[in-house]
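Single-structure report; data block below.
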Amino acid sequence: MWYILIGILCLIAGLALGFFIARRYMMTYLKKNPPINEQMLQMMMAQMGMKPSQKKINQMMNAMGKQQEKEVKTKKKK
């Protein structure tokens, strides 16, 4: 009976630990490799009928970077 209880507890601990390790890995991966880059942003703006200038693209990339940093800070406070 103790073997079953220990096995279940180890399974639960392994699942929890695996979840947090995977979550941290994905957050660092997305921070290093953001899902939207300048080329994608330029294509999206062109599809919306805008003629994107490099200045406008840089402003939007900076705004998205600041928003992402703000979200990370608010998550750390919780």
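Note: hydrogens, waters and symmetry copies are ignored here, and every other heavy atom, side chains too, is used.
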Would you say [atom1] of [X] has more than 12 non-hydrogen atoms from neighbouring residues, nucleotides or ligands within 6.0 angstrom?
X: I4; atom1: CD1; value: no
X: M45; atom1: CE; value: yes
X: Q67; atom1: CD; value: yes

Say you draw a straight line from [atom1] of [X] to [atom2] of [Y]; how long is it, rounded to the nearest 0.5 Å?
X: I57; Y: Q54; atom1: CD1; atom2: CD; value: 5.0 Å
X: M43; Y: Q47; atom1: CE; atom2: CD; value: 7.0 Å
X: L15; Y: C10; atom1: CG; atom2: SG; value: 11.0 Å

Handout entry: Minimum heavy-atom distance P35-M40, with the two atoms named
Key = O-SD, 3.2 Å
Practice task
Just do the side chain to side chain contact (heavy atoms under 4.5 Å, CB included) check on M44 and L41 with the steps written out, would you?
Solution key: CA-CA 5 Å; M44 287 189 330; L41 192 59; 3.8 Å; yes
Exercise for the section: Show the numbers, then the answer: is there a side chain to side chain contact (heavy atoms under 4.5 Å, CB included) between K56 and M50? Expected result: CA-CA 11 Å; K56 186 69 173 173; M50 298 179 186; 5.9 Å; no
Exercise for the section: Answer with yes or no whether the hydrophobic clustering places M1 together with I8; edges join I, L, V, M, F, W, Y residues whose side-chain heavy atoms lie under 4.5 Å apart. Expected result: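 No, M1 does not connect to I8 through the hydrophobic network.
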